[in-house]
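Here the structure comes first, spelled out in structure tokens, and everything after it is commentary.
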Amino acid sequence: MARKRRGARMILQRSHTCGELRLADEGKTVILNGWVDAIRDHGGLIFVELRDRYGFTQTVIDPAKLAGVAELKPEYVAAVRGTVRARPAANRNAAKPTGEVEVVADQLEILNRSKVPPFEVIEELDTREELRLEYRYLDMRRRRVLHAMEFRSRLTQIVRRVFHEHRFIEVETPILMKTSPEGARDFIVPTRYRPGWVYALPQSPQLFKQTLMVSGIDRYFQVCKCFRDEDLRADRQPEFTQIDVEMSFARQADVFRVIEEVMTTVYREMLGIAVPAPFPRMTFAEAMRRFGSDKPDTRFALELFDLSDACAASEFKVFQGALAARGGAVRALRVPGGGTLSRKQIDQCEAVAKEYGAKGLPWVKIAGGAATGGIAKFISAKELAALRERGGAADGDLVIFGADHYDIASKALGQVRLHLARELGLIDPKRIDMLWITDFPLFEFNHDENRWQAMHHMFTAPREELPAKGEDLSHIHADLYDLVLNGNELGSGSIRIHRPEVQRQIFDLVGITPEEAEQKFGWFLRALDYGAPPHGGIALGLDRIVMIMLGLPSLRDVIAFPKTASGACPLTHSPSPAAPEQLRDVGLQVAPEKER
RNA sequence: GGGGACGUAGCUCAAUUGGUUAGAGUCCCAGACUGUCGAUCUGGUGGUUGCGGGUUCGAGUCCCGUCGUCCUCGCCA
């Protein structure tokens with residue numbers, strides 16, 4: 001008989017989940033708890049499908065016996081007691097794991113009611129993301145969202161296990177820490193203890209993990225939250241999770257070996273895929289030269305080549321101009337069979353190139369052994385020969401050019417390369433191209449601020465002798481490496497500085513005064529003074545790994561409660577204005593809007 | 001900070017050149033129905049067209065501003 005309870009106490013506690021009953025369970029008396037997924041009301045007979053994390057099970061209810069069924073609506077929480085029965089042969093549902101059975105109800109308990117949800121809880125949901133995130137608890141009742149959470153949890157466990165197998169220690173480092181200059185903007189946390197003073201949330205636990213090396217914890221890892229107050233992207237959230245790793249007495253190869261084992265194990269155990277290891281390696285210079293990117297997608301063949309020398313006497317003003325400038329280059333990309341591309345498709349490529357700083361996108365098609373269209377009239381016989389010999393250009397091909405500073409020309413062509421690969425369907429989605437990019441330059445020049453800055457961070461060890469301040473630093477390299485998967489940067493690491501005098505020299509080169517170094521990093525320099533071992537490590541983006549492994553387009557899809565592009569949480573409506581008392585406590589006040 | 005797209009019923013969308021009472025599907029509500037599984041059938045409710053201003057006899061539609069969402073450049077040691 002139907003039971004109706006006013007109290008909060010549940011009577012019918014589940015004996016099984018909604019995903020596990022099979023024909024073998026026929027005849028058993030069971031109790032299911034779950035959410036009402038669907039009600040199919042035939043008058044004298046009502047099918048109520050219950051859902052939980054594990055699946056769906058159909059219950060069959062006779063409304064004459066269990067009148068309470070009339071009250072049920074979607075998303076109500078219900079308990080059903082009944083007998084497992086094989087469905088009549090004609091009514092079995094092969095599409096559902098539990099589709100051969102049903103539970104004939106003899107007791108029904110409504111555990112909770114639900115308002116009409118703002119969207120239906122169905123797998124094939126097509127509703128705007130912001131609403132899904134505002135009601136994430138409803139969204140997450142769906143299999144595919146749950147699956148991402150479960151996948152992530154299992155993956156993290158595997159990562160921890162592999163590190164532990166190699167005697168790594170997971171150490172938690174502070175969330176409230178000291179602000180650091182350079183790098184991303186810190187999230188800052190004011191405090192009552194010191195009105196007007198702030199902690200920072202970690203951009204990464206970099207200095208803590210290096211300090212742990214000084215402590216003798218020679219193998220450290222941590223699955224940790226990191227925070228950066230910068231603009232968001234589909235693959236960037238203000239708070240994200242890193243697999244942070246550091247090893248003492250280790251060289252680059254040692255770091256690679258451990259990470260290769262972690263990644264191959266995760267792929268094997270989560271997806272049953274054997275990723276070959278060791279992963280291929282490519283220097284930064286080679287990656288820029290061949291692919292125009294420091295995170296090349298090597299799943300398809302298009303490669304850039306250089307025409308600077310062949311174009312030295314070019315009649316084309318754009319080439320002349322590029323080559324006349326310091327660091328200028330003429331680079332090219334051959335698109336096999338690209339002769340069939342429409343003007344519109346080429347224009348789209350040009351738009352991509354311009355987005356990445358190119359001023360235009362010269363092109364020619366090759367037909368009948370000659371260059372046609374685009375800038376063909378400027379292409380000399382010598383240049384055409386170079387296109388054929390160096391780029392392999394042949395009849396039916398399209399060749400596009402980048403003429404600018406080497407970096408800009410390379411990057412723009414590299415992005416067009418990616419665009420074309422997607423446009424022409426050149427990417428095999430099944431491929432998994434894991435790649436180490438090595439030998440990064442230690443410094444890059446910041447044109448806006450007119451100074452050298454660390455490419456990775458200021459704690460990376462130089463491989464060569466450091467020049468005097470003011471000299472060109474572009475040729476200094478480091479054991480500085482990125483792990484790239486299918487054109488996505490999964491992580492970045494380096495062998496660190498362990499000698500305090502070298503660390504001071506680097507601070508000096510990037511324009512940090514000794515006073516500032518003492519104030520910001522004195523504590524760390526002191527640690528280096530007491531026998532810091534040689535060490536190095538890496539940090540991998542956990543969210544990105546999960547996103548890529550699941551083939552999802554956004555980091556938001558693998559984070560339980562992600563933030564929107566403006567850094568807001570649609571569920572909790574954070575951030576929110578500070579209360580006057582809060583500001584008073586920490587000794588801060590808000591500037592008038594005009595002064596911000 | 002810059003560029004682009006979008007914003008109409010709870011949800012997903014439509015609405016001709018600026019022109020009658022802003023429609024459809026779905027959800028929801030009511031009724032019917034004993035084998036459904038996107039149940040079906042009948043009927044019904046539901047709108048500050050994101051917000052503010054402007055042009056016009058007349059604005060969902062055009063203009064300006066603003067807010068929000070998504071993508072993106074810069075930025076992200």
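Keep in mind it's a predicted model, so treat the numbers as computed, not measured. Below, chain A is the first sequence line, B the second, and so on; all start at residue 1. Values reported hereafter were calculated over all heavy atoms of this structure, with side chains retained and with hydrogens, waters and symmetry mates removed.
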Is the ring of A:F119 stacked on the base of B:C11, with centres less than 5.5 Å apart and planes under 30° off?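 A:F119 vs B:C11: stacking no.
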Stacking here means centres under 5.5 Å and planes under 30°; does A:H42 stack on B:G35?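 According to the criterion (under 5.5 Å, under 30°), no, A:H42 does not stack.
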Side-chain donor or acceptor of [X] under 3.5 Å from a matching atom on the base of [N]?
| X | N | result |
| --- | --- | --- |
| A:R87 | B:U36 | yes |
| A:D231 | B:C75 | no |
| A:D41 | B:C33 | yes |
| A:R40 | B:G38 | no |
| A:R128 | B:G10 | no |
| A:R228 | B:C76 | no |
| A:E102 | B:G35 | yes |

Touch class at under 4.0 angstrom, heavy-atom based, for [X] against every strand present:
| X | result |
| --- | --- |
| A:S204 | base |
| A:K96 | base |
| A:Q203 | nothing |
| A:A234 | sugar-phosphate |

Would you mind telling me which of A:R51, A:R113, A:K115 makes a side chain to side chain donor-acceptor pair (under 3.5 Å) with A:E75?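 So the option named by the test is A:R51.
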Please determine if a side-chain N or O atom of [X] lies less than 4.0 Å away from the OP1 or OP2 oxygen of [N].
| X | N | answer |
| --- | --- | --- |
| A:K115 | B:C28 | no |
| A:R92 | B:G35 | no |
| A:S554 | B:C70 | no |
| A:N93 | B:C37 | no |
| A:K411 | B:G74 | yes |

Residue pair A:V103, A:T57: steps toward the side-chain contact (heavy atoms from CB on, under 4.5 Å) verdict: CA-CA 8 Å; A:V103 173; A:T57 299; 4.1 Å; yes
Taking the side chain of [X] as its heavy atoms from C-beta onward, which of [options] lies nearest to it?
| X | options | value |
| --- | --- | --- |
| A:E49 | B:U69, B:C37, B:U72 | B:C37 |
| A:E120 | B:U72, B:C27, B:C70 | B:C27 |
| A:Q58 | B:C73, B:C33, B:U36 | B:U36 |

Between [N] atom [atom2] and [X] atom [atom1], what is the distance in whole Å?
| X | N | atom1 | atom2 | value |
| --- | --- | --- | --- | --- |
| A:E124 | B:U26 | CD | P | 17 Å |
| A:Q348 | B:G3 | CD | P | 21 Å |
| A:I122 | B:G10 | CD1 | P | 18 Å |

In whole Å, measure the gap between the P atoms of B:U49 and B:C62 for me.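 After rounding to an integer number of Å, I get 16 Å for this pair.
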Rounding to an integer number of angstrom, what distance separates B:C6 and B:U12 when you compare their C1' atoms?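 B:C6 and B:U12 have their C1' atoms separated by 14 Å.
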For the pair A:R463 and A:D479, evaluate salt bridge (charged side-chain N to carboxylate O under 4.0 Å, His left out) and give the outcome as yes or no after the intermediate values. CA-CA 7 Å; A:R463 200 188 280 160; A:D479 288 328; 2.9 Å; yes
Comparing A:A454 and A:V60 on RNA chain B - which has the more 5′ nearest nucleotide: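 Result: A:V60.
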